[in-house]
Structure formats: structure tokens, C-alpha cells
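Below, chains carry the letters A, B, ... as their sequence lines are ordered, and counting in each starts from 1.
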2 protein chains.
Amino acid sequence: MEAMEAKTDYQPLLKSLGLKSTPKRLAMLEMLDGEQAYLSPEDIWKKLKRRFKSIGLPTIYRNLEELEGKNVITKVIHPNRQLYYYFCRHSSHHHHFVCISCKKVQDFTSCAVADIEREIRDKIKGKVVSHIFQVNGLCRECV
Amino acid sequence: MEAMEAKTDYQPLLKSLGLKSTPKRLAMLEMLDGEQAYLSPEDIWKKLKRRFKSIGLPTIYRNLEELEGKNVITKVIHPNRQLYYYFCRHSSHHHHFVCISCKKVQDFTSCAVADIEREIRDKIKGKVVSHIFQVNGLCRECV
DNA sequence: ATCTAAATAGAAATGATTTGCGTTTATAAT
DNA sequence: ATTATAAACGCAAATCATTTCTATTTAGAT
Ligand SMILES: [Zn+2]
Ligand SMILES: [Zn+2]
Ligand SMILES: [Zn+2]
Ligand SMILES: [Zn+2]
């Protein structure tokens, strides 16, 4: 028996973000929702071209940037410094474990910012504004 | 009374890395050694053009990549995804506190990889290969 | 049905980074 | 010192992911 996967309706989310519910945007979210791995704008473009006869790569870039700015998706840091995105299901503070083999992304919650903030405050006498933390490795299937 | 700053001789370092001690390379290391802030390849190029009538930007890029590969310098992660480098004095495991205002970089030692590795092993059943950790904020002068 | 700002497609531009290649140079062997 | 050789270099050109431009379309409100 396969569990029935209910497809999320992303219209309310877009509305709450003040973004119009265009077919391209909804398709992007639905597609990203089904992905466990990070994707490049071009990956996403290629997938969506199957469903839309006409869809421009700039549209993909614009929407990804927009959604990232609204914290719906996050960037993955890659050695080649190109853009890659992953659709986070978690909303609370967390970070990503990225498989360097299959590109799968998994959330984890350990985060030592509290310790770091203390050290920055005490030794460096500075103020922490943000932090970048990403763990790269091999996932269960790729180990 | 000013403390006399001894300028490090980088020839032994380059030799130990199997790199030729060229004037450009030595100048790059000496210059980076005097910097507290991260620099772009072009920043470095502009500074070195004062001392060398003829010096190409590709040379800067090539040497920076080489030195980064040998763990002499490290990259700084920047929102614009361009290359920035910082010359680390610490050799043991540490991370960077980067001032978003003045670009100054300071080392700090807190690092929770051990905790993270445990969580990755127990919950995700994966293997940690590397981790990226950078804290952005305001340094003592910029707070 | 009408209106308007937002969104889009497609073509073109951008610009940081990389590559190709002929010349120079550091370094070690003679 | 000379010489030999791989490594470095300068310069011009290429690359190519990303961004910008502009005319057209469209979602959502009136
Ligand atoms: Zn994997
Ligand atoms: Zn954190
Ligand atoms: Zn500062
Ligand atoms: Zn660490």
C-alpha cells in the first residue's frame, strides 16, 4: 500500500508573502516540494520546460531569488560558487547536511551559535549578525 | 615606541609547498600578511600594481587558488558569491568572524563539529566529510 | 468587464573568472 | 657559470552563469 501523498496548495503561502499565484511559481514550489536534493536554476528550468512550452530561465532566477528572500527556500553553498537551492520544510532554526555524492539535503538541529556568540562577545567584543553553517558528507545511501 | 614588526620570509613556506619563490608570490604573501581584512583578487591586483609595472590579474587568480589549495589562505563566503581571501595565521582548526562593515576577519575557536557529527551519525546515519562555518557580524570598532 | 502593477519571455548585456599560448624565469643539474 | 626544464607569467581572448532590458501578458482588485 502506497501512502497517498497530498499535494500541498501553495496559493495561501504566496498570498501571505504578497506574491501573485502564477502558474510558473506554483509549479516551481510543487516541483521543489518533491525534491530531496538541491537543484540549480537550470535543473529547475529543464524540469519545468516539460510542463510549459514557453518558460524563460530569467523567470526561474527571479522567482528563486524572491523565494529565497522570503525564506521559503535556502541556498546551498557549493565549491563552484554557482547557485543551488533547496526547499526547506522546517521553519525553525536549523542547518543542512548535504550529501556530496547524491546532492540530497537533510535538516539537522544542532547549532552552537549560543557558544559562538559568547566567544565573540567575550574575546572579540563584537556582535553576531548572522552565521553560515553547512555540513557536507555522505548520506546513509551513499556512505 | 613602535614595536618593530619583523617581516616574515616566505621562501621556506613556498619551498615546503613545492612552489617556486617568485617575486609576485612573495609580494602577495607579504601583502596579505599585513592585512586584517579579506580582499578580492582585484583588490590584491591593484595593490601589487604599485610595486610591479607589469602584473597580470590571471597571475593573482592562479596564485590565490594555489595557496588556497595548500591551505595557506582561506576563502571568505560573501553574498555576492565573488572570490575573497584572507590570510590565516592560525593553523589549527578554527573559523572566522567577519565584520560586515569593515571586512576585518578574526579567528575564533569554538566549533561544534563533534556535536554535529554525533547527530549526523545517530539520526541521519551519514558521514561528515567537511563543514562550512562562518560568523558574520560587527567587530569591536564597528559595533 | 476594466484597470494596473506584477510577472513573463526572449534577446542581449554583463563581468568576474578562466583559458590559450608564446615568453620569461626560478631552480637544479652540469 | 651554463644549461636545461618545468613552472610562472603577461596579455588577449573566451567563457558562461547570471542579470538586465523591454515589450507583452496576466493575476487580482475594483
Ligand atoms: Zn547521498
Ligand atoms: Zn545555527
Ligand atoms: Zn568592523
Ligand atoms: Zn568547525
Side-chain angles (χ1 to χ4, degrees), chain A residues 9-31 38-70 72-73 75-85 103, chain B residues 9-31 38-70 72-73 75-85 103:
Chain A
D9 173 21
Y10 285 106
Q11 292 210 23
L13 171 64
L14 290 174
K15 168 157 274 188
S16 76
L17 297 171
L19 298 172
K20 289 186 179 178
S21 293
T22 67
K24 313 286 167 69
R25 252 182 210 146
L26 290 168
M28 282 179 70
L29 286 169
E30 285 164 16
M31 193 267 276
Y38 65 83
L39 297 172
S40 70
E42 193 165 352
D43 291 335
I44 296 165
W45 184 49
K46 285 176 180 163
K47 285 173 185 283
L48 292 186
K49 279 203 287 192
R50 299 173 194 152
R51 295 182 44 189
F52 298 93
K53 59 222 149 285
S54 156
I55 181 166
L57 192 46
T59 295
I60 307 292
Y61 274 92
R62 279 185 296 247
N63 282 330
L64 288 171
E65 185 180 20
E66 192 89 48
L67 292 170
E68 200 262 341
K70 309 264 189 187
V72 176
I73 59 178
K75 290 180 182 170
V76 167
I77 295 172
H78 196 281
N80 70 10
R81 304 195 325 287
Q82 290 176 200
L83 288 169
Y84 293 97
Y85 291 95
K103 303 183 177 181
Chain B
D9 173 21
Y10 286 105
Q11 293 209 17
L13 171 63
L14 290 175
K15 167 157 277 190
S16 75
L17 297 173
L19 299 173
K20 289 186 179 178
S21 293
T22 66
K24 311 286 166 69
R25 251 180 210 146
L26 290 167
M28 281 179 69
L29 286 169
E30 286 164 15
M31 192 266 276
Y38 64 83
L39 297 171
S40 70
E42 194 166 351
D43 290 334
I44 296 165
W45 183 50
K46 284 176 180 164
K47 284 173 186 283
L48 291 186
K49 278 202 288 190
R50 298 174 195 152
R51 296 182 44 190
F52 299 92
K53 58 220 148 284
S54 155
I55 181 167
L57 193 46
T59 295
I60 308 292
Y61 274 92
R62 282 185 290 243
N63 282 330
L64 288 171
E65 185 179 20
E66 193 87 49
L67 293 170
E68 200 261 342
K70 309 265 190 187
V72 176
I73 59 179
K75 290 180 182 171
V76 167
I77 295 173
H78 196 281
N80 70 10
R81 301 194 327 289
Q82 290 176 201
L83 288 169
Y84 293 98
Y85 291 95
K103 303 182 176 180

Can you measure [X] atom [atom1] to [N] atom [atom2] for me and round it to whole angstrom units?
{"X": "A:Q82", "N": "D:dT15", "atom1": "CD", "atom2": "C1'", "answer": "12 Å"}
{"X": "A:L14", "N": "D:dA27", "atom1": "CG", "atom2": "P", "answer": "13 Å"}
{"X": "A:E65", "N": "D:dT19", "atom1": "CD", "atom2": "P", "answer": "6 Å"}
{"X": "B:L67", "N": "D:dA8", "atom1": "CG", "atom2": "C1'", "answer": "13 Å"}
{"X": "B:L17", "N": "D:dA8", "atom1": "CG", "atom2": "C1'", "answer": "16 Å"}
{"X": "B:L26", "N": "D:dA7", "atom1": "CG", "atom2": "C1'", "answer": "15 Å"}
{"X": "B:Y61", "N": "D:dG10", "atom1": "OH", "atom2": "P", "answer": "15 Å"}
{"X": "B:E66", "N": "D:dA7", "atom1": "CD", "atom2": "C1'", "answer": "10 Å"}

Open item on the list: Nearest 0.5 angstrom please: B:L39 CG to B:I73 CD1, how far?
Closed with: 10.0 Å

Answer whether the closest heavy-atom distance between the side chains of [X] and [Y] falls below 4.5 Å.
{"X": "A:L64", "Y": "A:I60", "result": "yes"}
{"X": "A:K24", "Y": "A:R62", "result": "no"}
{"X": "A:N63", "Y": "A:L19", "result": "no"}
{"X": "A:L29", "Y": "A:L67", "result": "yes"}

TODO: Check whether any side-chain N or O of B:K70 sits under 3.5 Å from a backbone N or O of B:L17 as a donor-acceptor pair, and report yes or no.
DONE: yes

Open item on the list: Looking at A:K20, is its backbone amide N or carbonyl O close enough to the side chain of A:R25 to form a donor-acceptor pair, meaning the two atoms are under 3.5 Å apart?
Closed with: yes

Task: Cation-pi, A:Y84 ring and A:K75 (6.0 angstrom, 45 degrees) - done: no

Task: Ring-face cation of A:K47 near A:W45 (centre distance under 6.0 Å, axis angle within 45°) - done: no

Open item on the list: Taking any atom closer than 4.0 angstrom to a non-hydrogen atom of chain A, what span of DNA chain C does the protein reach, first nucleotide to last?
Closed with: C:dA5 to C:dT17

Task: Short side-chain N/O contact from B:N80 to OP1 or OP2 of D:dT18, under 4.0 Å - done: no

Task: DNA chain D: 5'-proximal contact among B:R25 and B:R81 (nearest heavy atom) - done: B:R25

TODO: On the 0 to 90° scale, with breaks at 30° and 60°, tag the B:Y38-B:H78 ring pair as parallel, tilted or perpendicular.
DONE: perpendicular

Open item on the list: Minimum heavy-atom separation for B:P23 and B:F52, please, with both atom names.
Closed with: O-CZ, 3.7 Å

TODO: Identify the two heavy atoms, one from A:P12 and one from A:D9, that lie closest to each other, and give their separation to 0.1 Å.
DONE: CD-O, 3.3 Å

- [ ] Remember a base hit wins even if backbone is also touched, and classify A:R62 as base, sugar-phosphate or nothing at under 4.0 Å, heavy atoms.
- [x] base

- [ ] Nearest-nucleotide wise, let me know which of B:L19 and A:S54 is further upstream toward the 5' end of DNA chain C.
- [x] A:S54

Task: Divergence of helical axes at both termini of the helix from C:dA1-D:dT30 to C:dT30-D:dA1 - five pairs an end, 10° steps - done: 40°

Open item on the list: Under 4.0 Å, heavy atom to any atom of DNA chain D: which of residues 38-53 of chain A qualify?
Closed with: none

